[in-house]
Amino acid sequence: MDRTTPAPEALHDVELTVNGQVRRARVPARRLLSDLLRHDLELTGTHVGCEHGVCGACTVLLDGMPVRSCLTLAVSVSGRAVTTVEGLAAEDGTLHPVQRAFQEHHGLQCGFCTPGFIMTACAFLAEEPAPDAATIRDAMSGNLCRCTGYAGILAAVAGAAEELAGTGVDPRERHRPEGAA
Amino acid sequence: MTTRMLGAPVLRTEDPRLLRGEGRYLDDLGQGAYEVAIVRSPHAHARVLDIDVTGALDVDGVVAVYTYEDLPPRLRERLPVLIPHPALTAARTQHVLAAGEVNHVGEAVAMVVARDRYLAEDAANRIHVAYEPLPAVVGHERAASGQLLVHDDIPGNLAATLTQEIGDAPGRIAAAPNRLTFRLDIDRSASTPMETRGVHARWDADDQRLRVHSSTQTPTSVRAVVASYLELPLAQVECVAPDIGGGFGVKIVHPWPEELLVPWAARLLGHEVKFTEDRREHFISANHERGQVQFIDVGFDDDGRILGLDVRLLHDHGAYIPYGLIVPIITSTQLLGPYRITDYRVRFDSLYTNTVPVSPYRGAGRPQGCFAMERTMDRIARHLGLDRTLVRERNLIRPDEMPYDFGLTFQDGRPYAYDSGDFPASLAKLRELADWDGFPARRAAAEAAGRLLGIGMAAYVEGTGVGPYEGGHVQVETTGKVKVATGLSTQGQGHRTAFAQVVADALGVPFEDVEVVTGDTRRFAYAVGTFASRAAVMSGNAIHLAALKVREKALRIASEALEVDVEDLELVDGHVRVVGSPATSIPLGVLATMSNPLRYAFDESARIATQFASPGTTDRPPVAAGESPGLEGTDFYSPLRSTFANGMHAVEVEVDPETSDVRILRYSVVHDCGTLINPMIVEGQIMGGVAQGVGGALYEEMAYDEHGQLLNASFMDFLMPYASEVPAVAVDHLETPSPLNPLGIKGAGEAGVIPGSAALASAIEDAVGVGIDAMPLSPSRLHALRVAADHR
Amino acid sequence: MKPPPFAYHAPRSVEEALTLLAALDGAKVLAGGQSLVPLLNMRLAEPEALIDIGRIPGLDVLEVADGHVRIGAGVTHERLRRDDAVAAVQPLLRRALDLVAHPVIRNRGTTVGSVVHADPAAEMPAVVALLGGTLEVASVRGRRSIEAADLVRGPLESDVAPDELALELRVPVAAPGTGSAFVELSRRHGDYALAGVATEVAVDGGRIVGARATFIGVGTGTAVLDLSPAVAGRDAADLDVVDVAGAVAGFVEPQDDVHADAAYRRHLAGVLAGRAVRAAAADALARAGAGVR
């Protein structure tokens with residue numbers, strides 16, 4: 001147990017492109033990306049369920065790749081692009097196809113694990129646009145949900161895959177409703 | 001156009017904002033609040049000799065550090081026993097912060113308030129607590145022996161012992177042609193919602209009001225407890241449940257120490273304070289459940305009919321007993337399941353151990369009861385060489401025997417009497433859904449390929465809709481929108497959607513025009529809480545009744561305005577209109593305006609309510625005696641007793657003959673929860689419950705060592721199932737409406753989890769031919785059982 | 001569960017990193033962070049400083065050269081797993097990586113990092129121990145190559161000194177006539193395995209001429225078991241593995257823990273080794289049949 005007076009913590013400038021916008025914060029090196037998003041940038045859509053990388057609620061996209069934001073030091077990803085759940089719905093609030101599929105297939109109940117699942121699903125569907133049920137189950141088996149028993153989630157991802165099939169849309173990008181520029 | 005909403009799988013109105021990441025869960029609130037870290041005991045049992053906080057005060061950003069010594073007298077008192085019971089003769093609850101002793105790893109010892117959680121944890125780590133460790137009491141039998149005590153003044157570690165009986169079980173067992181005695185063990189698990197606990201408090205000095213946000217299943221009771229312990233008038237305290245990331249029972253216990261400390265500190269410091277529990281804390285300070293040891297003594301005839309059943313339960317409730325005896329009382333009664341048992345005796349001993357306290361987790365003692373009964377049924381079948389569904393069939397209560405009163409007392413203090421249900425029909429459906437009769441052929445084919453298959457089943461009855469009451473408020477605003485409030489809170493059950501469906505039907509308004517608020521004492525102050533699968537039953541019916549009051553008033557006002565009899569009016573699509581003459585109608589919003597006689601027209605629409613606007617009668621006052629202004633209604637639903645849902649599960653498994661790994665091939669559910677408000681939501685509840693049942697049967701346990709250390713206090717080692725571990729589930733419904741409430745609803749919240757361990761034990765036993773008497777069951781344990789059986 | 005405070009450095013060259021490692025006591029290297037950050041969050045590790053090697057150019061080499069697969073310190077598990085050229089010459093890497101955690105962890109965690117972390121439950125250290133190869137490390141004192149056999153000293157303890165930086169792992173390509181397999185059993189998808197086996201089998205003329213295995217989860221560390229006596233000379237197409245379990249049982253030293261007892265792990269290791277050797281034998285035949293060199 002340390003009895004010496006702690007030194008004031010050095011702060012680091014972190015710059016991230018979050019959902020297409022450049023955001024800056026000055027934070028200690030130990031600030032987790034999950035906390036930077038939630039508290040320094042007030043984007044509270046990303047949730048924290050465990051802080052040991054198992055539950056997946058904190059999953060965001062880093063340069064389009066899903067990562068656990070609770071296991072990422074914000075300083076170590078400065079300069080990169082992050083997509084959170086707030087970056088999916090259209091500017092006017094219209095739900096992204098993956099979000100809509102979750103509603104249609106009752107893929108959420110309390111909604112706490114949902115952003116993590118949605119980001120995982122978006123990244124997965126970008127890689128595998130035409131997955132079968134077993135592949136979907138496999139891909140969604142790194143995120144914990146306590147409410148749904150997963151049935152609705154798996155159906156939602158399958159539904160979203162169908163919805164997106166052939167559209168050429170990258171599911172990791174913000175939704176543009178038909179007719180929008 | 002009015003479509004009937006009740007029974008429709010309407011998509012949830014909660015979803016869009018949650019999907020967009022606009023949910024407001026506890027930690028999303030109070031961005032500027034001070035944050036809390038709690039110093040927790042690393043010992044299961046110890047005296048606290050000294051707490052040295054000087055190191056913490058040096059940390060930049062620390063605002064305050066508190067121990068028991070800093071608390072005012074009222075906060076030095078122990079937490080309340082929430083549910084007293086005459087048999088609970090040795091109740092012990094904890095202090096808000098340890099007062100000289102700790103009784104479980106994780107017990108709160110000191111509180112740090114700092115600028116943020118990082119700094120608070122730094123400070124907490126600099127607090128030096130001197131403990132004198134004491135021997136820890138862990139395990140049912142260690143506790144029961146009483147050789148070591150958790151609390152020095154509670155002999156035998158016994159908080160309560162309670163026996164209920166009907167008929168003469170010992171006598172009938174002794175006289176029975178067949179008799180079996182055996183022991184069963186069930187290990188602990190826990191609710192483990194994805195969102196941990198949290199509380200935020202803000203003292204408004206201008207208004208002299210305290211607002212507490214808590215991730216709780218009972219805002220009204222939290223409000224009352226906070227007001228009581230902080231010695232504030234109730235009217236100065238409000239409690240709001242924000243969006244809650246799952247509860248499953250763990251968030252019904254209150255007050256947590258933090259739920260008192262945080263509001264107290266907020267007021268003292270004149271600043272918002274927030275506590276967000278982390279996952280490790282959740283494992284060691286949020287309650288557990290499920291652990292029991294069961295001794296069964298059963299007598300039965302040659303057809304498998306139970307003649308007498310004598311059960312003794314050891315119930316480990318942990319270091320403290322804030323929730324009283326609810327869980328073992330539920331086990332004691334719900335153990336009877338759908339069976340006609342006239343001679344039954346059950347005794348439980350509720351024991352202290354140096355572990356996290358025990359209070360309800362979805363199922364709340366029913367899974368244990370179901371396990372006991374269903375293992376008994378399987379053993380009877382095996383003993384007699386009969387089919388397991390046949391033995392159950394012979395014991396089932398028949399529909400014409402309803403209502404069936406056992407003569408016992410349920411957890412609501414009222415008679416344990418089944419009101420409805422068709423158990424034989426449920427069983428027939430299950431056999432069909434699971435293709436029970438086709439299984440022998442499937443097993444034979446698998447065996448030929450060297451594979452081990454097994455099938456099992458379990459049945460349960462679930463008392464739901466426990467009182468004392470819930471209430472609903474329905475108000476039509478002058479815009480025509482309908483605002484609804486009820487006091488219990490929501491943790492993902494879709495209340496806002498389901499209750500809007502109820503109102504849409506009762507009031508004939510478009511579903512989209514109804515907005516529901518739950519869990520906010522500012523909107524509805526009389527409530528009990530969300531637990532025991534009661535929200536749909538209780539709030540659903542209360543809201544329905546409140547809506548009917550509004551309906552009646554709307555029709556009356558319209559009747560006067562249109563000069564038409566009430567019988568000739570109907571409510572359709574947000575309008576009151578004349579039957580057969582739809583053009584003659586008044587929108588509900590206008591009726592709302594008219595219902596509130598005005599002196600001042602605050603806008604255009606309000607003009608019609610002013611005194612010169614319409615020729616009203618002058619021989620009556622504007623607001624008649626006994627009437628109120630406004631188009632709103634409040635009503636309460638208070639049940640005579642609980643209403644009983646039921647269900648049966650069947651599961652088919654494959655056991656790897658070499659590794660003993662278990663794979664679920666097929667899972668079938670037959671479920672009867674009476675009237676369904678929203679079948680999609682009900683099915684979601686069942687699916688979630690099944691996943692927890694599978695988790696509890698095969699994966700989850702709280703691994704305490706003999707020193708009271710929780711060895712698996714993380715998601716790495718506490719194995720909640722991912723999608724890969726949960727089977728696809730086939731569901732079939734039966735709908736026998738409850739005769740006890742206007743909507744005929746029975747609860748659905750806990751159904752999915754109740755028979756999980758029993759059904760899986762049954763199936764695995766069937767696959768490997770080895771008796772399964774303890775759950776959960778890992779490949780390692782199953783292997784050991786099989787090896788032991790081979791060597792016999 | 002927030003990390004304790006630490007100083008943070010993001011050097012832009014290997015030299016800068018080595019200077020920092022030499023100068024700072026109690027510094028730890030941060031690569032993907034998937035092993036380190038959980039320890040920080042739980043405050044099980046409290047380093048004075050972190051040296052983030054994520055911004056050092058040149059650490060992301062991934063190529064097949066001179067009969068070896070070169071894996072730079074910055075190469076993530078997932079990038080390695082997906083590389084088809086690598087999978088063609090040393091299939092055991094992809095087979096093991098398929099079983100490492102979940103894709104989202106593999107997106108950040110590095111294979112070199114995992115090997116240096118030396119978790120006895122982790123797949124990649126066992127793979128490296130089996131295949132042999134070297135780890136190139138550097139410090140201000142110079143460079144050296146650590147042989148696979150010398151790499152791991154004990155659980156969570158590698159031979160890499162506190163002032164050394166691991167630069168590159170070199171793993172030999174699969175020799176002609178060999179096959180490999182990785183078989184494990186875990187409770188849940190992506191969990192650490194109750195037991196796991198990496199195996200390499202050599203086949204000649206349709207018969208087994210050699211078999212070697214390493215294990216995870218059963219206390220053997222990086223020791224290699226020569227299974228040749230149990231299977232040599234047998235028909236690779238339908239390999240009789242009846243003697244494998246006995247050889248394994250005498251070799252492993254499992255412990256009890258919350259997930260399984262030692263007796264089960266010993267039994268499981270034997271069963272999985274049999275399955276792995278069979279699969280590796282089939283793989284060897286397939287590769288020979290496909291003319292894979």
Side-chain angles (χ1 to χ4, degrees), chain A residues 1-6 8-9 28 30-31 35 38-39 42-55 57 84-86 88-89 93 95-96 99-100 102-104 106 108-115 118 136-138 140-154, chain B residues 11-12 14-16 18-25 27-28 31 55 58-60 116-118 122 125-126 128 191-196 243-248 276 278-279 491-494 680-681 683-692 714-716 720 722-726 728-729 752:
Chain A
M1 196 223 50
D2 185 359
R3 285 190 177 276
T4 61
T5 307
E9 263 186 289
R30 58 172 165 161
R31 179 79 97 241
D35 288 329
R38 289 177 49 72
H39 299 300
E42 295 193 20
L43 292 167
T44 56
T46 303
H47 299 143
V48 170
C50 71
E51 290 179 322
H52 37 280
V54 179
C55 80
T84 70
V85 69
E86 291 98 334
L88 295 180
L95 294 180
H96 180 286
Q99 292 168 323
R100 197 167 58 241
F102 268 74
Q103 182 183 26
E104 280 165 9
H106 196 36
L108 68 154
Q109 292 183 23
C110 80
F112 196 78
C113 72
T114 308
I118 287 177
I136 291 175
R137 176 175 245 124
D138 218 62
M140 294 299 118
S141 289
N143 292 54
L144 287 173
C145 172
R146 201 54 163 168
C147 291
T148 67
Y150 303 105
I153 292 172
L154 299 180
Chain B
L11 295 185
R12 301 190 337 162
E14 288 89 334
D15 291 356
L18 295 178
L19 289 164
R20 285 193 293 261
E22 292 163 14
R24 302 284 288 156
Y25 301 88
D27 191 58
D28 303 337
Q31 292 283 2
D58 285 338
V59 173
D60 171 50
D116 70 37
R117 175 77 186 203
Y118 288 73
D122 293 345
N125 281 319
R126 287 164 168 270
H128 185 71
S191 302
T192 325
M194 295 317 300
E195 183 202 21
T196 52
D243 289 316
I244 298 181
F248 310 110
T276 302
D278 70 32
R279 185 54 63 180
Q491 303 82 35
Q493 302 92 333
M680 179 188 80
I681 288 177
E683 191 148 303
Q685 292 294 304
I686 294 174
M687 297 301 191
V690 168
Q692 285 176 309
S714 80
F715 277 159
M716 283 140 179
M720 271 169 59
Y722 289 112
S724 41
E725 286 72 57
V726 178
V729 179

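Keep in mind that this is a model prediction, so the values were computed, not measured. Labels below follow one simple rule: chain letters A, B, ... track the order of the sequence lines, proteins then strands, and each chain is numbered from 1. Values below: all heavy atoms of this structure, side chains included; hydrogens, waters and symmetry mates excluded.
Between the side chains of Asp15(B) and His106(A), not a single donor N or O lies within less than 3.5 Å of an accepting N or O. No donor-acceptor contact under 3.5 angstrom links the side chains of His47(A) and Glu195(B), judged on distance only. Judged by distance alone, the side chains of Gln109(A) and Gln685(B) do bring a donor and an acceptor atom under 3.5 Å apart.
Residues Met687(B) and Ala151(A) approach most closely at CG-CB, 4.2 Å, considering heavy atoms. Residues Leu11(B) and Gln103(A) come closest through the heavy atom pair CD2-O, 3.5 Å. Nearest heavy atoms, Cys55(A) versus Met194(B): CB-CE, 3.5 Å. Taking both residues in full, the closest heavy atoms of Gln99(A) and Leu19(B) are given as NE2-O, 2.8 Å, listed atom of the first, atom of the second, then distance.
Of the listed residues (Gly111(A), Ser141(A), Gly45(A)), the greatest number of heavy-atom pairs within a distance under 4.5 Å of chain B belongs to Ser141(A). Ranked by heavy-atom pairs under 4.5 Å with chain B, the first of Arg38(A), Glu86(A), Glu51(A) is Arg38(A). The residue among Cys145(A), Gly152(A), Ala89(A), Cys147(A) with the most heavy atom pairs within less than 4.5 Å of chain B is Cys147(A). For the options Ala57(A), Gly53(A), Gly93(A), heavy-atom pairs under 4.5 Å to chain B are most numerous at Gly93(A). When the candidates Gln493(B), Arg117(B), Met720(B), Glu683(B) are compared by the number of heavy-atom contacts under 4.5 Å with chain A, Met720(B) comes out ahead. Across Pro193(B), Gly492(B), Gly752(B), the residue that shares the most heavy-atom pairs under 4.5 angstrom with chain A is Gly492(B). Between chain A and the options Gly688(B), Gly247(B), Ala691(B), the largest number of non-hydrogen pairs under 4.5 Å is found for Gly688(B). Between chain A and the options Thr196(B), Thr192(B), Asp278(B), heavy-atom pairs under 4.5 Å are most frequent for Thr192(B). Between chain A and the options Gly21(B), Gly684(B), Ala723(B), heavy-atom pairs under 4.5 Å are most frequent for Ala723(B).
There is no contact between Val690(B) and chain A, counting heavy-atom distances below 4.5 Å. Contacts of Asp27(B) with chain A are made by both backbone and side-chain atoms, with heavy-atom separations under 4.5 Å. Contacts of Asp28(B) with chain A are made by both backbone and side-chain atoms, with heavy-atom separations under 4.5 Å. With a 4.5 Å cut-off on non-hydrogen atoms, Thr148(A) touches chain B through its backbone but not through its side chain. Neither the backbone nor the side chain of Leu88(A) comes within contact range of chain B; no heavy atoms are under 4.5 Å apart. With a 4.5 angstrom heavy-atom cutoff, Arg24(B) touches chain A only via side-chain atoms.
Taking CD1 from Ile244(B) and CZ from Phe112(A), the interatomic distance works out to 11.5 Å, rounded to the nearest 0.5 Å. Atom CZ of Arg146(A) sits about 7.5 Å away from atom OG of Ser191(B), to the nearest 0.5 Å. From Tyr722(B), atom OH reaches atom CG of Asn143(A) across 8.0 Å, with rounding to the nearest 0.5 Å. Of the inter-residue distances, the one linking Glu14(B) atom CD with Cys110(A) atom SG reads 11.5 Å to the nearest 0.5 angstrom. Between the OH atom in Tyr150(A) and the CD atom in Glu725(B) there is a gap of 8.0 Å [rounded to 0.5 Å]. Residue Leu18(B) holds its CG atom at 12.5 Å from CZ of Phe102(A), rounded to the nearest 0.5 Å.
In this structure, His52(A) contributes its side chain and Phe715(B) its backbone to a donor-acceptor pair below 3.5 Å.
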Item to check | Gln31(B) vs Thr44(A), side chain to side chain contact (heavy atoms under 4.5 Å, CB included): CA-CA, chis, key distance, verdict | outcome: CA-CA 10 Å; Gln31(B) 292 283 2; Thr44(A) 56; 3.4 Å; yes
Item to check | side chain to side chain contact (heavy atoms under 4.5 Å, CB included) assessment of Arg20(B) paired with Leu95(A) | outcome: CA-CA 7 Å; Arg20(B) 285 193 293 261; Leu95(A) 294 180; 3.7 Å; yes
Item to check | Pair Glu22(B)-Val85(A), side chain to side chain contact (heavy atoms under 4.5 Å, CB included): steps then yes or no | outcome: CA-CA 9 Å; Glu22(B) 292 163 14; Val85(A) 69; over 6 Å; no
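With Tyr118(B) as the aromatic partner, Arg30(A) does not meet the cation-pi criteria of under 6.0 angstrom to the ring centre and within 45 degrees of the ring axis.
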